[in-house]
Amino acid sequence: MIASWFTTIVCATALAAAAADEATPLAQREEAALAAAARGVAPSVVGVETLGGLERGEGELTSAGRATGLILTPDGYIVTSLFQFTGETSGVLVSLPDGTRVPAKLVARDFRCRLALLKVHVDERLPTPVLAPMAQVRVGQWAVAVGRALEAQEANLSVGIVSGLNRIWGTAIQTDAKISPHNYGGPLVDVRGRVIGVLAPLSQDKQNAETDTQWYDAGIGFAVPIDQVMALLPRWQQGTDLKMGLVGVAQKQGDLFADPPVLASVRPNSPAAKAGLKANDRIVGVDKLPIDRQIDFTRELNRRYAGDTVHVTIRRGSETLERDMTLVDHLLPYARPFVGVLLARGEESEPGVTVRYVYEESPAAKTGIMAGDRLLRFGEQAIEGRAELAAIVAASSAGNKVKIEFTRSGAAQSVELTLAAEPDAVPASLPALPELPAPVAGAQPAVGQLPLRSATVDNEGLLYVPEDFDHRAGYGLLVWLHGDEGFDADSLLARWRELCQQHRFVLLAPMAKSKKRWASEDLDMLKGALDLALADYQLDPLRVAVHGQQSGGAIGSLLTFARREQVRGLAVIQSPIFGQVPDNDPEYRLWFFVASPASTQLDKLIKRVRELKYPLVSRPLEAKAAYLNDAQLGELLRWFDSLDRI
C-alpha cells in the first residue's frame, strides 16, 4: 500500500535496540541524538504535491503524487525528486512545516541526478539546513533519511548508516536506511542533523521511469551528495533541464577496476568521432586528471552533462594526443554499414578472409568483388579475420568510400566502394557449405542429444550437437524456446536434427520451469545454459541467435537484450518483442526476424525497431498458424545463416 510507505518510520535498528535495553545510557543517548538530528533539519524539510490535470475531489484539488523537498535558499528554491514529474502536471503545491500550502513553480529538471528544482514565493525568509561537506562523510556513520510527504506537521524518519560512497558511477552516497518514493527529495542527514545528501531514485542501470523505484524500501538507497547539489544549483536556477552527456564510445571488455580504458568502438557522428577518437585509442586523461582504469573513465564521463566540453588525453601508438569533445543528450541512431558479402568460416592459416557469397546490388557486387576473392585490406587496415573485419566495418559509416585490396587467383587487385546501410533482405538462396575438414582423432567433444546444462539448472531440456560437429567449421548456436503448448523432445528433434547438420549449428532447447509458459524466473537458467554451450563447443560468435514462440519469444527477447555481447539475432513467432529495445550499438550487432499476425501493437513495435536502425524481417502469419510453413522456415534458416554478413 502506498499509504504504508509514508507511515512514520523510525529506525527499526535503533528502536529495537532501544526497546531491548531502554535503561542503558548508550541507547538513550542514541535515541536522543537521532531525535535532535531530526529536529535540527525538520524546519527546512517540506512536502511536495503534484496536481494532475483538472482532477477534483469533494471540491478540492487532488494530488497526483506526493514527495518531499528540501529548502536550499532562504528566497525559496527547493530541491525535490524528479519522480513526481515523470508525467504531465497542472500544478505544484509545497507544504511548509507550519502547515501553510503555497504554489510552486517547476524551474528545472536534472535527469542525471533524478532531481527537480522548485521555486516558491513567500514574504518571509525560509529556514535552510546546515550542510556537511562530503569530505567529512564516512562509511559506517549514522545516516537519517527524513521525509515530509503526507503529514505537514511531523517529519518521518528512517535510520541506518552510510553503507557506501561513490556509488552510481561515482555520483552517489549509498545508505541502508529504508527509503520510499515519498521520501525522495528529502535530506539524508548525519547524527548532528547536518545534510549530507538529497535522496533520489537512482539506479546503477540506465535511468528511466522503469528503474526509478526499483530499490525502494530494499535497504539500498541513494542520495546525491549535498556538495554536488549546491554546485549544480546555479545551473538549475537558469531554468534549463540538464541531461546526461553522451560521447559515443565503448570500452573494450575487461576488468572495470583493473584494466585500462581502451576504446573498442567509436560511434559514427558522435562527439567522440567528431573529435577524432578511434578504436584502440587508450584514454590516459580527462580534464588533466590521470585515468588508469576503466572505472575512472566511466565515472568522469558520468559526472558530465550534455553541453559540457570534456578535454581528453589519448595515447595512439607512440603518440599522445589532446582532444575536446562536447557532450550531447542523445546520439543519432546508428545504421550498420554494409559491404555486401558473406565470408568463408572456419580456421584460416593466412591473413585475410575469403568471400563466400556476394549480395546482389550490394556495394561489393557493384565493384565486381566475387565469391572466392580473398580480401586483404579494408582502407588502411589489414584484415586479420572475419570478426576483425566486422569490427572495422562497424566503425565506419554508410556513405563512406573505402578502398578494398584483395587477390583473385593469386593476382592483387583493389576497388573503391561506397558503403551502404545494412539491408533487411534475406538472400533467396545461398551456396552450399564446403566440405567439413578432416576429423582430428580423439578431439571430438560429446555430440548427439545431450542433457541441458546450466549453472542453475533444474529445468529440463536438451542440447543437440550434430554428430559430424567440428568447431573448425564455424558452427552457430540456435537457442530454441518452445511455445505455450510445451516441450516435446522427439518432435523437436524430428524437425531440427537434419537442419542442424545441413546448416551447421548446435541447438539449445531448454524447457520452461512450468513446462508450459515461460516466466521471468527462467531467465537466469537461460543465461547459464547459453554460457555453458558457448564455452563447451567453441561456436561461431557471429552466429548466435535466439528463436522463440509465444511466451518463448517474450523470454527470448529478455535473454537477447540481457546478453547483447553474445546474441546476434532474435527471431520471434506469434510473440511481441518484449522489453525495452536497446539502442543499436556498433559493438553488438543484432538482426530481428518477426512472424506474427498483423496488429497495431506489432506495427508500432516494428516501427520502433526500425527507427533505431536495426535490420528487421517481418512476415505476416495467419492467426491460426502454429508455426512457420516450409517456405518461411527456409527463409528463417537463411536469415540465421547470414547473421555474419558484412
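We number each residue from 1, following the sequence as shown. Below, all heavy atoms of this structure are taken into account, side chains as well, without hydrogens, waters or symmetry copies.
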Does [Y] offer a backbone N or O that forms a donor-acceptor pair with the side chain of [X] under 3.5 Å?
X	Y	result
Trp518	His482	yes
His547	Ala571	yes
Asn459	Met511	yes

Those residues that, when tested against [X], pass salt bridge (charged side-chain N to carboxylate O under 4.0 Å, His left out) (two or more places apart):
X	answer
Glu300	Arg303, Arg304
Arg374	Glu348
Arg315	none
Asp536	Arg453

Under 6.0 Å from the [atom1] atom of [X], do we count more than 12 heavy atoms belonging to anything else shown?
X	atom1	answer
Phe578	CZ	no
Asp255	CG	yes
Lys527	NZ	yes
Gln501	CD	yes

**Message:** I need the full list of salt bridge (Lys or Arg N to Asp or Glu O under 4.0 Å) pairs touching residues 385-398, with sequence neighbours left out, sorted by first then second residue.
**Reply:**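 Non-adjacent pairs meeting salt bridge (Lys or Arg N to Asp or Glu O under 4.0 Å): Arg386-Asp540, Arg386-Asp644.
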Exercise for review: Using the ring pair (Phe, Tyr, Trp, His ring centres under 6.0 Å) rule, take Phe469 and Tyr475 through it: C-alpha gap first, then chi angles, then the decisive distance, then the call.
Suggested key: CA-CA 8 Å; Phe469 174 83; Tyr475 277 68; 4.8 Å; yes
Once side-chain contact (heavy atoms from CB on, under 4.5 Å) is applied, do any residues pair with Pro431, and if so which ones, sequence neighbours excluded?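 Partners of Pro431 under the side-chain contact (heavy atoms from CB on, under 4.5 Å) test: Arg356, Tyr357.
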Residues 484-500, side-chain donor-acceptor partners within the protein, below 3.5 Å, at least two apart:
{"from": "Asp484", "atom 1": "OD1", "to": "Ser551", "atom 2": "N", "distance (Å)": "3.4"}
{"from": "Asp484", "atom 1": "OD1", "to": "Ser551", "atom 2": "OG", "distance (Å)": "2.6"}
{"from": "Asp484", "atom 1": "OD2", "to": "Arg517", "atom 2": "NH1", "distance (Å)": "2.7"}
{"from": "Asp488", "atom 1": "OD1", "to": "Asp490", "atom 2": "N", "distance (Å)": "3.1"}
{"from": "Asp488", "atom 1": "OD1", "to": "Ser491", "atom 2": "N", "distance (Å)": "2.8"}
{"from": "Asp488", "atom 1": "OD1", "to": "Ser491", "atom 2": "OG", "distance (Å)": "3.1"}
{"from": "Glu498", "atom 1": "OE2", "to": "Gln502", "atom 2": "NE2", "distance (Å)": "3.1"}

Quiz prompt | Donor-acceptor pair between Tyr614 and Glu611 side chains, under 3.5 angstrom | solution =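 Short answer, no.
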Side-chain donor-acceptor contacts of residues 411-423 below 3.5 Å, not counting sequence neighbours, with atom names and distances?
{"from": "Glu422", "atom 1": "OE2", "to": "Arg589", "atom 2": "NH2", "distance (Å)": "3.4"}
{"from": "Glu422", "atom 1": "OE2", "to": "Arg645", "atom 2": "NE", "distance (Å)": "3.2"}

**Asked** What pairs of residues pass the side-chain hydrogen bond (donor to acceptor under 3.5 Å, both in side chains) test when at least one of them lies in residues 552-566, not counting sequence neighbours?
**Response**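 Checked against side-chain hydrogen bond (donor to acceptor under 3.5 Å, both in side chains) - neighbours excluded - the pairs reaching residues 552-566 are Asp531-Arg563, Asp531-Gln566, Arg563-Gln566.
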Please list all pairs meeting side-chain hydrogen bond (donor to acceptor under 3.5 Å, both in side chains) that have one or both residues in residues 256-267, counting only residues at least two apart or in different chains.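 As it turns out, there is no side-chain hydrogen bond (donor to acceptor under 3.5 Å, both in side chains) pair with a partner in residues 256-267 once direct neighbours are skipped.
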Taking only Lys NZ, Arg NE, NH1 and NH2, and the carboxylate oxygens of Asp or Glu, determine whether [X] and [Y] approach each other closer than 4.0 Å.
X	Y	result
Lys513	Glu521	no
Arg293	Asp296	yes
Arg345	Asp641	yes

Partners passing side chain to side chain donor-acceptor pair (under 3.5 Å) against His503 (at least two apart in sequence or in another chain):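 Counting only residues at least two positions away or on another chain, His503 forms no side chain to side chain donor-acceptor pair (under 3.5 Å).
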- Listed by chain and number, what are the side chain to side chain donor-acceptor pair (under 3.5 Å) partners of Arg323, not counting sequence neighbours?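 Counting only residues at least two positions away or on another chain, Arg323 forms no side chain to side chain donor-acceptor pair (under 3.5 Å).
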- For the pair Tyr334 and Asp583, evaluate side-chain contact (heavy atoms from CB on, under 4.5 Å) and give the outcome as yes or no after the intermediate values. CA-CA 8 Å; Tyr334 166 73; Asp583 283 347; over 6 Å; no
*asked:* Measuring centre to centre across the rings, with the benzene-like ring taken for any Trp, is Phe640 within less than 6.0 Å of Phe505?
replied: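 Yes, ring centres under 6.0 Å apart.
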For the rings on Phe338 and Tyr359, is their centre-to-centre separation under 6.0 Å?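 Yes - the distance between ring centres of Phe338 and Tyr359 falls below the 6.0 Å cut-off.
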